[in-house]
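Okay, structure first, notes after.
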Amino acid sequence: QAADPGVTDTEITLGMQLPQTGAASPGYNKVDDAMRAYFDYVNSKGGVYGRKITLVAKDDKYSAGLTISTASSLINESNVFAMVGSVGTQTHSAVIKDLNRRGIPDLFVNSGNSAFYTNPSKYPTTFAGLGTYVVEAKILGKYIKATYPDKKVGILYQSDDFGKNAIQGFTTAGLVFTPGKTAAGFIAGTQGSLGITSQLKQLQDAGVQVVIIASVASTTAIAALTAKALNYTPDKWVVMSVGSDATTFQTILYTKKIMPAQSAAMLAGIVSASHAPSPGEATDEYVAAFKKINDQFNTGTDKTWDNNVLQGMNIAYQTVEALMGTGKNLTRKALINWMNTKGSTLTSAALAPVGFSSKTHEAYTGFWIGEYDATAVLKPVGASRVVYTTDSAAGPVTISTFKRPAISADALPKAA
Amino acid sequence: MQTFLTALFTGTSHGAIYALVALGLVLVWRGAGLINFAQMGQAMFSAYIASTIINHHINYWWAFIVAIIAGGALGGAIDVLVIRPLKKKSGSSILSSPSMRDAIPVIASLGILGILQSAAGMIWAGEERGFPAPVSTLGLSIGKRAMPFTRFDIFVIVLIWLILIATTLLLNKTSVGLAMRASALNMEVARLSGIRTRSIRTLGWILSGSLASVAGLMVAPATNVSPNSLDLLMIIGFTACVIGGLNSLWGSVTGAFILGLTISFINIYDAPGDVFLGIFAILIAVMIFRPSGLFAKGKARNV
Amino acid sequence: MFKIRRNASIAIAFFVFVFAIGTFVGPYNQGQIAVALTLFIGVLSINILTGLSGQLSLGQGALMAVGGYGCALMMINAHLSMWLAIPLSLIASALVGLLLGLVAAKLSGPYLAGTTLVLALAMPTVANKFDSILGGDTGLSIDTGMPPTWLSKVMGDIAIEQWNLYVSLPFAALALFFAANLFTSQSSRRWRAVRDHESAAALVGINVERTKISVFVISSAFAGVAGALYGLRGLVGPSVFAISLSLSLLTGSILGGLRSIAGAGLGSVIIVFLPDWIGKVIHPFSLSDQVTNYLPAFVSGLLLVLTVVVNPSGLAALFAKIFRFSRVKR
Amino acid sequence: MSSEAPFLEIENLTVKFGGLTALDNVSLKVPQNSVVSLIGPNGAGKTTVFNSISGFVQPQSGEIKIAGQKTAWPKTHKLAALKISRTLQGVGLFSGITALENVMLGSDHKYKAGIVKDLFGLSGRIDRQLRDSAMAQLERFGALSLADKFPHELSYPDTKRIALARALISEPELILLDEPAAGLGQDDIDELAETIRQLKKSCAVLLVEHHVDFVGEVSDQVYVLDFGRIIAAGDFESVKKSPEVLAAYLGGEVGHA
Amino acid sequence: MLKIENLTVNFDANSALDNVSFSAEVGKITTVIGANGAGKSTLLRTISGLKAPKSGSITWRDSELVGMRPEAIVRAGVALVPEGHAVIPELTIDENIRMGALFRLRKAKSDVTTAIAEMYELFPQLADRRKAPSSTLSGGERQMLAIARALVSRPEILLLDEPSLGLAPLIVKQIIGIIEELCRKSGLTVLLVEQNANTALDVADHGVLLALGKVVADRPAKDLRADVSLREAYLGY
Ligand SMILES: Nc1ncnc2c1ncn2[C@@H]1O[C@H](COP(=O)(O)OP(=O)(O)OP(=O)(O)O)[C@@H](O)[C@H]1O
Ligand SMILES: Nc1ncnc2c1ncn2[C@@H]1O[C@H](COP(=O)(O)OP(=O)(O)OP(=O)(O)O)[C@@H](O)[C@H]1O
Ligand SMILES: [Mg+2]
Ligand SMILES: [Mg+2]
């Protein structure tokens, strides 16, 4: 039988592309190190059916022209069996068609762009690694509408796909924004940043009481500071998960001479959503296990425990799970097939179910809503953690019944 | 009205920062005859240095001073290591065309930018850092109303006025300034006038490097520090010079404020997505009617 | 007729040579060669604009984008075959080049550099502004499709990268042919005259402004074809034609030699393969990620500076000199 | 003889630069097949006359007739088509291209192949013609061996020679020479004088020059400018005796200059 | 005394000056004449430090100039007015003149002011427009400015490379008059390079004839002027 590339009796080679350098790299450049740390841990335990996992990560500088070349290098030079955890919406759009055409599994893509996942007949081999921005925004939007029915809600958003998807989700949830008044976009991301003072001022002037932030975490930190400067104290900040990483928030502020206690105080009360436990939840069994593995196996330059690292761990965990599920006889077809039929059973630290089926390749269709406490840990709002779930279209938001299975003692997934 | 004021104020305070960048660029242009694209790379580099110092709990102002020295040293090093040897090459046939003589050093500066950015990446792992402001960034209140102006904004605006006046005086009223301009324009004639052109040029580079560092330190609180975080600022500062006219300090500062206001008004009254289109439109409009910038003097006699 | 025959033979030889290399190497390198061929056309557009007429453009990537979007729109909306869309895309970029040229003709050195740089900056926003047509941030997905079956029958299995190579090659060879004709032509002489002395050029009867515009149009047309081919690798979008693309074209142009066609070839090969070479060289040393990731950019910056300082005429001129020297010695 | 009809006629030319009046009601005629010289102190406005004719400055007032035809002040790039050539004060060669190409450009305006033809390599014939005639011109100037040299590789007299060759290859009916003898040695000046005498057979010459002996040798007619005004005109012998000219330009008695 | 000994200067493989030796007396005008390409400009540029010689020595008042930087040589009292209109067109006329005196400002501020005033007296044409950019000047006016720039540094020895180039005869006479007077009054030493041998030899005390980089005659100006055969052989008249 003609074996697929990248699989031998002793090895599985996986590929990944991400911005490791350049304007878009901060934060994301840690995901590959986290994944490799988990794979190394698995390898130290004997690998998957005796096969060691090798992860080849290529830097595409968030430049799509380069992504095409690095993909070709991964496919033809490194002979990868599958791609896992590639980062970036714009860059991934440049290769997604080719990967699918070649039948290469394209697992757990770190992009919340729903268009990649909602039409599996177009992209049969691509599966999400993040919940889509639309789903998250819908869930948060519904919460805002229910919790602050009489308050004026506004949004500060990155004027790119991420921001647009977010607005789409919030609008679906029934929130209404007026450009120039309650909706303030700003330039960010790969083009650099020009500050957000005027945007916040605009929201302040429009009398916005609940501010939604759809941006990366470093911007959230700046937004919090800027608002303080403007004497702007909205009743509530609601931050999309991409932008609410406590570690990044505190690091940025720390390097601005704001001590952790103080920054934690600034973070306290901010509402955000997550599909996973907060990295700060030391008592969570997954978090504890992953953090231990990270400490021991991560050889990256910056292995600070944060959302990005946790996300890397989750993806790696799921990857191993899927590989084990597919069985000894590992082929691309079998893997995809397994993902389509059994993929929905994939677990990780995530508290929400993944939505994989032959109809959709969306990952986390569920998010729980939390509020940062005084120790910079996201704690569920209300008495207990409730995970909501919905789709990227107009479907309703419902309460999920998903129960995360316990992690095994050796932190290795068991074949489903 | 409130919105208008907001746009006006934020535009002005951003314009001040762009003006700092523009001033640094003009200083090298006047002192060495080239657009130094590495400038914000130098600024980024010294901001990282400053940030490292600050993270060791050392007083901001020490870091400030070290960064200014580091920026100056980088500027000086660029001159000594790259620009001087480059000028010696003027015998090469490609450099016999005046347009190439202008273009080639610019390209060298792009190379230097690449070197600085990747070096910073290697040294500091390309991590993104915040950066403190020297004075409070808390908003000032007039009456009950918080203005979109912070103490820091006022600090920056005062600083740029001081620097503007100082550099204007330096360039136009002092003998060092005359020596700098002469060395930039025609090294040989300057040397034959007894001017120590090499040192003078290096001095220009050092000054502009320090100035760039100041700009970097003033900008970093808003943009954070990472190898590429100042790229956009560099482009906007350069555009400001082009709009105002590279040969005029006041012109480039005016250009910077024009851009600050444009960006702010488009942000507020239109959409952020249109900011760059707006900049482009303004630039094109100026270039059509004043090809050498708003404040350019009449065309030089060329025959 | 001598010139046309000579240049046609050079172009054909080039075609055959690259074609032959293309069959020897693996798919990844085929893909890289395809990129190099594409960027060769892009670098040529700079060598024409900057090398021949002395106008420095920092936004050549934006003109490539125009070609890329033009090609994508024609393929997606008008269902044109790419063989038609690629050459037609140069009309789009040439038109934009004309508009740009109308402004640029009056601009000198840094003013032109600034204007083109801002053009490159503004281009992605255009894509966002008209996202229903241009696809916004994600862009428009186009590719060279599957190799035709008759070719697979003749050549055996053809990788997608190999097919990309075969699509780029004829255009690169054509570009070589046109550029070779152009470099020694009357037009180029006028461009160089304007570059060196505008007043003297006007005195010999050259309409300086129109000449500067014409070079913009031609250069943009080259850039447009390069952009179409670049987009056909999979995507036409803002992140494909980022400012970094403009800058790396410029780097290639300087490293290879701003004033020669061979220089454009060498330069494009360097910018495409340099990271790979560096990777190979440093492979034995186990350097930290931090260093390996940033090393290619560091080295290409260093090369750029060294070239400018030591040998501003570029590698092509250096080789020519060495060759001439050795000939004299003999 | 037709040589009496002026090829170029300028009437009441006035040029101002801001507050400075560089030319004040200047009128002059350059008959066919003659050499007319324009002399005068530095800054008198001689080059400005040239610049007005060749479109580099816009006159405030004044009229120009070329070949008997009253026209607008020409645009610079139209000059060649009007059969007027000019050399620049200094050298004015294209620095980045060879001597041969410099000369080829002199007759460039006569051949318009167009970019499309150039792209397809179809302008070979024109190119060869340009090249052949430029080579012939170089040969005429005894500079064949310089063909492939770049201007910065040439000696000063050679650069001037090439500049003249470039100006003359278009077979102009009028040539404006701005200080052609400046910096040349006696040998070269003699050669230049001979060239100009030859030129007179086929075209008119308007000459600006400070080398007074040379002016005297070649000129049929001399105009003296001072502060933008014509203070004397006539043949050289009579002009140089004019007290105004002595005071303003030559200084004392005409001696050994 | 400016003493030049065995000076050889090469451009690539070709020598522009070949073992040149002569000296220029203090307070006297020495002229160097020769055909185009004889090496006159190269000689002056080498003295000024703009071009490094292959071998040989140049001493001015017993200090060796070879190896010194051009700006140091100027500061040592050796000023060059190079060939062509060596001014900086973008600077104003006043700035161009002031530029020449910059290095003396700290030591002799009041003298510099007088020196600048003197220059405007010498060249009234420049005085009227001191705030105008020198790019607006005519060719000859630029030459005056270049000379003024050199003189304002109050040099002890002035190197003039074809100062008459592009100047009206009257101005040439004036300038030569000025130079003669400076020699006489303040002991200025002058090394004058001229294409126009007669004018030069008329004012000079001593003449050096260069041909193809070699000194072919080195004698009193009067003798040189009288030597018709030499003139015909090397200057063509
Ligand atoms: N573009 C200009 N702007 C301002 N003034 C100018 C300009 N062009 C010329 N002038 C002035 O006009 C006057 C005439 O200049 P022009 O060049 O015609 O003199 P010229 O007779 O050729 O002198 P020379 O013999 O020294 O070359 C001069 O005083 C000059 O400074
Ligand atoms: N930069 C240079 N590169 C190469 N050769 C040069 C250079 N400068 C001068 N030469 C050569 O050196 C020789 C002497 O030139 P130089 O300019 O000193 O002569 P000159 O006597 O001043 O002539 P002119 O009267 O034309 O000014 C000439 O053969 C010239 O070609
Ligand atoms: Mg003149
Ligand atoms: Mg000379």
Side-chain angles (χ1 to χ4, degrees), chain C residues 1-11 44 48 51-54 90 94 174-219 221-222 258-259 313, chain D residues 50-51 54-56 74-88 90-98 100-131 150-151 163 166-167 169-170 172 176:
Chain C
M1 284 304 103
F2 168 71
K3 184 158 118 186
I4 185 169
R5 214 173 300 148
R6 191 198 57 183
N7 290 342
S9 337
I10 291 176
L44 271 181
I48 289 170
L52 291 184
S53 93
L90 72 81
L174 273 177
L176 171 63
F177 172 69
F178 286 131
N181 288 334
L182 207 54
F183 263 62
T184 53
S185 72
Q186 194 187 14
S187 301
S188 120
R189 205 174 309 116
R190 286 193 196 139
W191 294 340
R192 287 175 290 152
V194 168
R195 173 192 74 193
D196 290 345
H197 201 317
E198 285 191 16
S199 314
L203 278 175
V204 298
I206 296 172
N207 183 335
V208 172
E209 220 161 280
R210 190 166 334 141
T211 305
K212 282 184 164 183
I213 296 172
S214 76
V215 73
F216 252 97
V217 172
I218 295 289
S219 159
F222 275 79
L258 198 50
R259 290 203 179 156
S313 310
Chain D
F50 277 20
N51 283 351
S54 45
F56 290 123
K75 287 214 168 71
T76 311
H77 66 269
K78 296 275 171 66
L79 216 58
L82 290 168
K83 298 204 145 280
I84 300 176
S85 274
R86 172 182 171 181
T87 62
L88 294 169
V91 176
L93 287 181
F94 303 112
S95 54
I97 62 182
T98 61
L100 175 66
E101 287 181 301
N102 264 286
V103 176
M104 285 166 80
L105 278 160
S107 55
D108 179 88
H109 66 281
K110 290 188 179 167
Y111 304 89
K112 292 246 189 266
I115 291 182
V116 177
K117 266 190 162 175
D118 279 351
L119 270 171
F120 284 90
L122 297 175
S123 48
R125 198 174 47 84
I126 290 177
D127 223 62
R128 217 167 21 253
Q129 281 175 3
L130 269 171
R131 187 169 300 266
F150 287 92
R166 182 180 74 191
I169 192 174
S170 60
L176 314 175

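Any value given below was found using the heavy atoms of this structure, including those in side chains, with hydrogens, waters and symmetry copies removed. Note that the coordinates shown come from a computational prediction; the quantities given were computed from them, not determined experimentally.
Note on D:T87, D:L79, D:D118: by heavy-atom pairs under 4.5 Å with chain C, the leading option is D:D118. With respect to chain C, the highest number of heavy-atom pairs below 4.5 Å among D:L119, D:I169, D:D127 belongs to D:L119. In terms of heavy-atom pairs under 4.5 Å with chain C, the best-connected choice from D:I115, D:D108, D:T76 is D:D108.
C:N7 does not touch chain D: none of its heavy atoms, backbone or side chain, sits under 4.5 Å away. Looking at D:I97, the atoms closer than 4.5 Å to chain C (heavy atoms on both sides) sit in the backbone and in the side chain alike. Residue C:A179 does not touch chain D at all, counting heavy-atom pairs closer than 4.5 Å. Within the 4.5 angstrom heavy-atom criterion, only side-chain atoms of D:L130, from C-beta onward, approach chain C.
The shortest heavy-atom contact between D:S170 and D:K83 is O-NZ, 4.1 Å.
With hydrogens and angles disregarded, no donor-acceptor distance shorter than 3.5 Å links the side chain of C:R190 to the backbone of C:K212. Of the possible donor and acceptor atoms, one in the side chain of C:S185 sits under 3.5 Å from a partner among the backbone N and O of C:S188.
With a 4.5 Å cut-off on side-chain heavy atoms, C:V204 and D:H109 do not count as touching.
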Step-by-step side-chain hydrogen bond (donor to acceptor under 3.5 Å, both in side chains) determination, D:S54 to D:R86: CA-CA 8 Å; D:S54 45; D:R86 172 182 171 181; 2.8 Å; yes
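Salt-bridge annotation for D:R131 and D:E101: absent, with no side-chain N of the basic residue lying under 4.0 Å from a carboxylate O of the acidic one.
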